[in-house]
Amino acid sequence: MKERYEPKDVELKWQQKWSGAGAHNTDIDNEKPSFYCLEMFPYPSGKIHMGHVRNYAIGDVIARYKKMRGFNVLHPMGWDSFGMPAENAAIKNKVHPAKWTYENIESMKMQLNRMGFSYDWRREVATCSPEYYRWNQWLFLKFLERDLAYKKKSFVNWCGSCETVLANEQVIDNRCWRCDSVVVQKELEQWFFRITKYAQELLDGCDELKGWPERVVAMQKNWIGRSEGVEADFAIEGSDEKIRIYTTRPDTLFGATFVCIAAAHPLSTKFIPEEKLSGLKAIYGDVEKKEGIFTGRYAVNPVNNEKIPIYAANFVLMEYGTGAIMSVPAHDQRDFEFAKKYNLPVRTVIVKGKTDMPFELKEAFEDDGYLVDSAQFSGMTSSEARQSIGKFLEGKGLGKVTVNYKLRDWGVSRQRYWGTPIPVIYCEKCRAVPVPEKDLPVILPENIEFTGKGGSPLVDASEFLHVKCPACGGSARRETDTMDTFVDSSWYFVRYCSKKDEHPFIKENINAWMPVHQYIGGIEHAVLHLLYSRFFTRVMRDLGLFSFNEPFENLLTQGMVCKETYRCPEHEWLFPEESDNGSCVHCGRDVEKGRVEKMSKSKKNVIDPDELINRYGADTIRLFSLFAAPPEKDLEWSDQGVEGAARFLNRIWTIVNKNSSAVSAIEHIDIQSLSPQAAGLLRKTHQTIRKVTTDIEREYHFNTAIAALMELINEISPFTPISGDDKKVLVFSLRSMLMMLAPFTPHIAEELWQAMGSSTSIFSEAWPKWDDDLAKENEVELVVQINGKLRAKLSAPVGLMDDDAAKMALEDEAVKSFITGKEIKKVVVVKGRLVNIVVV
RNA sequence: GCCGGAGUGGCGGAACUGGUAGACGCAAGGGACUUAAAAUCCCUCGAUGCCCAGCAUCGUACGAGUUCGAUUCUCGUCUUCGGCACCA
């Protein structure tokens, strides 16, 4: 064993040994309980960043810990490898996206291995490989069969300069993220997944997500956005047509003084000339503006037959509800503003409690209250009236009670090359025809030119494009859109259950592992990826592929990795070395230092994991990132903190080095013969095992678990054994410490384990057990309070009776001086901990 | 606006179901070893006051409340972060 700890040698050695021995491979084992530990797979950008390191370090600790606890642990890794960056690289650097992607995968895989993560690489998947995406296509066909995939015209974000559709996330301040030109709404035929069919189920299922952070569940509920309300028909004066409106406030129906319809509503088009309407459409969705155009028509309120004007308004959304609303300015702030602008009447029909409303409203009154001026409904509370008016309208055939969701169907078409081809063929005669299952996969052609112009390059791939119709054999053309990459990641967790050369939907494989016991990833996926995966899981269930409802039993959303930033008023973000004692090296201005921000290239506060590994080794990086903050909170990177972690590992190395010759059988320790120091160390060791174990079990509190290990080393460090049994205690203590350290810093733990004389891997050891009796202190500190204030600390025997504790406290000299001449009203005793004497 | 968090030393963070606030680490200061430095080891380290070996008072964003006792529970206020946002 070397005197100096050299992480590079140690880590490489064990990575090779583990990999050679297939130490991280897992097969179904009915003897052991299974545990599926999964971290969100990365996009292969080419280099891992600290966010990955943190995410995967957390996952690796859990996987290794569970393994030592006797679980059969599935811990796979793969690549979310379709997507825009590969295509952009192709356009910019003339590299084929496939080449670029697979090279990135290779280099990132190497980096992950250098971190010592325990993945079963036999199960690796890359979503861009035909053997993976053929199942995207297969699922797409199943969706089609079940009417869960459909095509419709819809408005999409369109960048005219790049000639492509943009996802909402790619539109920043209404401009294209790439070329900065203004994004317009364009109507296109797109494929959609009918996620709305599962809206209620996905909402109800939220109650099953007991192992998820509350805020993620709240965000999902919010996104689904269920609201209960009423649809009501307003007749149009002088017309047979009606306007159907949606409201969640039927209790305010008598206060409606006008009706608003969306600019894209068919009736707007009918009543208003297109040239006038287009101006309104142009400001659709502009939160700053509330504008409308009078249609010249009047609607009839179904409850009081009142005639009220109909406006087309920019703030009414066509996609939500019925695209038409009744406007009640007295009780809705938006309607109030609109009414003020266009001089429309405001009428109060709700009062709060018994007080009258002010004569002139300054803003809408949106709370519930009691109804007035509302015919037979007057006097009711808002909630009573909502029910009664709903029933009344239903009874008269003028409306119905309904539920609306904010959730929209999921548009999955992308006019992009680097994605899964949608398996559909268009034929003049047979229209859209699904590609027969036997013809899957539809392979993405490789021979493509990337110009960066003109939408999907697949349009120019004539061999790909022109095919025979599978139905009639006539000439036909393929769908050239590819799928949103979120489709790929909506079921990859099922794919890992089988080794990759097998069919992904063998029940035996899926049921052996799913649902995922612990999923770990960033909060940024709180809605989209996690919601889509829940949706897919339910569809797959309905396809009979398995019978569980939820894919992820427990979810841990780790915090971001942050670092302090340097900012110059002139030169924006600076690298630390660009700041010379607080002034900018470029212009000499004062640098604002210390704002802690998420690591990002643009803020110039990134740390490259590779450099850190070279300098400190993977174990130190792992240790620091697990110690500096609990997993779910943001982590502030600190170079000095890393040094501290390195120091800790060095101390362990030195201590084991010093004592590695002390190896002895430790089965029977004669407790009676131990020196007081050894007895203390034995106790501390058992206490540490208890603390580390419970800290990991309880919400993965790795930071406090590591702190406990540091306390233990602080106690081991000055210890010198006297007798042979003392020596046994030391060895027991060191072994326990190494085993507990193993999930966090696997390489050094394994190395030192061998140095202490073991010939088998530390990871085949069972997690150490503690003994409550041996962990017990033989004396306790009894705290004495007087009127709640700390006045004395007494040392007392364990198991002291309450009466004796009180007696002991009252007899203490210091305590006496506080209570003489005062009346004791009460003595409170907390068993074995505290006595509080209440005096007046 | 709605929903969800968070506020504790110079800093990151501890404190189980109300019971010694500040574990552990970082930084800082002092000391030992050394020709010197690095490394290592030891000590101090919330604030204030004092007839300082010790003791007292204050202290977990702020203000109330419940309690023998509150970082922890209740109500109100402020600050801050994240998500959604003209969803009728």
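Each chain gets a letter, A, B and so on, in the order the sequences are listed, and its residues count up from 1.
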Identify which nucleotide among [options] has an atom closest to any side-chain atom of [X], counting heavy atoms from C-beta outward.
X	options	result
A/N222	B/rA23, B/rC26, B/rC84	B/rC84
A/K789	B/rC58, B/rG4, B/rU20	B/rC58
A/N714	B/rG5, B/rC24, B/rU20	B/rC24
A/T704	B/rA14, B/rU57, B/rA88	B/rA14
A/R698	B/rA15, B/rU20, B/rA88	B/rA15
A/A707	B/rA88, B/rC24, B/rA14	B/rC24
A/Q640	B/rG25, B/rG82, B/rA27	B/rA27

Could you write out each protein N or O paired with an N or O of nucleotides 38-42 of chain B at a distance under 3.5 Å?
from: B/rC41; atom 1: OP1; to: A/R651; atom 2: NE; distance (Å): 3.3

Expressed as a whole number of Å, how far does the [atom1] atom of [N] sit from that of [M]?
N	M	atom1	answer
B/rG31	B/rU80	C1'	43 Å
B/rG82	B/rU77	P	23 Å
B/rU72	B/rG19	P	10 Å
B/rG25	B/rC78	P	40 Å
B/rG49	B/rU40	P	36 Å
B/rA85	B/rA47	C1'	45 Å
B/rU79	B/rG30	P	42 Å
B/rG1	B/rG76	P	16 Å

May I have the distance from [X] (atom [atom1]) to [N] (atom [atom2]), rounded to whole angstrom?
X	N	atom1	atom2	result
A/K691	B/rC24	NZ	C1'	10 Å
A/F702	B/rA23	CZ	P	23 Å
A/E319	B/rA88	CD	P	14 Å
A/Q785	B/rU67	CD	C1'	12 Å
A/L790	B/rA15	CG	P	21 Å
A/W637	B/rG25	CH2	C1'	14 Å
A/F627	B/rC24	CZ	P	10 Å
A/K406	B/rC2	NZ	P	13 Å

For the residue pair [X] and [Y], confirm or rule out a side-chain donor-acceptor distance under 3.5 Å.
X	Y	answer
A/E643	A/Y616	yes
A/T565	A/E597	no
A/E777	A/Q687	yes
A/S227	A/N404	no

At 4.0 Å (heavy atoms only), tell me whether [X] reaches a base, stays on the sugar-phosphate, or touches nothing.
X	answer
A/F818	sugar-phosphate
A/E636	sugar-phosphate
A/R690	nothing
A/Q333	nothing
A/V316	base
A/G644	sugar-phosphate
A/F648	nothing
A/K289	base
A/S638	nothing
A/P630	sugar-phosphate

Rounded to the nearest 0.5 Å, the CD1 atom of A/I523 sits from the NE2 atom of A/H525 at a distance of 11.0 Å

query = Do the ring planes of A/Y342 and A/F338 sit parallel (below 30°), tilted (30 to 60°) or perpendicular (above 60°)?
reply = tilted

5'-most contact on RNA chain B (nearest-nucleotide basis), A/L635 vs A/V783, goes to A/L635

Judged by nearest nucleotide, the residue sitting upstream toward the 5' end of RNA chain B, A/I283 or A/E781, is A/E781

Step by step, work out the ring-ring contact (aromatic ring centres under 6.0 Å, His included) result for A/F624 and A/W637.
-> CA-CA 9 Å; A/F624 174 73; A/W637 196 263; 4.9 Å; yes

Between A/A262 and A/V316 the two heavy atoms that sit nearest each other are CB-O, 3.4 Å

Within residues 826-840 of chain A, the residues having a heavy atom closer than 4.0 Å to RNA chain B are A/K826, A/V828, A/V830, A/R833, A/L834, A/N836, A/V838

With the threshold set at 4.0 Å, does a side-chain nitrogen-carboxylate oxygen contact exist between [X] and [Y]?
X	Y	answer
A/R833	A/E781	no
A/R347	A/E306	yes
A/D639	A/R615	no

Give a yes or no on whether [X] atom [atom1] has more than 12 heavy-atom contacts from other residues, nucleotides or ligands under 6.0 Å away.
X	atom1	answer
A/K598	NZ	no
A/R690	CZ	yes
A/K8	NZ	no

Assigned chi class of B/rG9 under the 90° convention is syn

Checking A/Y532 against A/W410 for the ring-ring contact (aromatic ring centres under 6.0 Å, His included) test, could you report, in this order, the C-alpha distance in whole Å, the side-chain angles of both residues, the deciding distance, and whether it holds?
CA-CA 9 Å; A/Y532 294 151; A/W410 171 14; 3.6 Å; yes

With both pairing distances under 3.5 angstrom for Watson-Crick or G-U wobble, and | for a partner in another strand, the correct string for RNA chain B is (((((((..(((......[....))).(((((.......))))).(((((...)))))..(((((..]....))))))))))))....

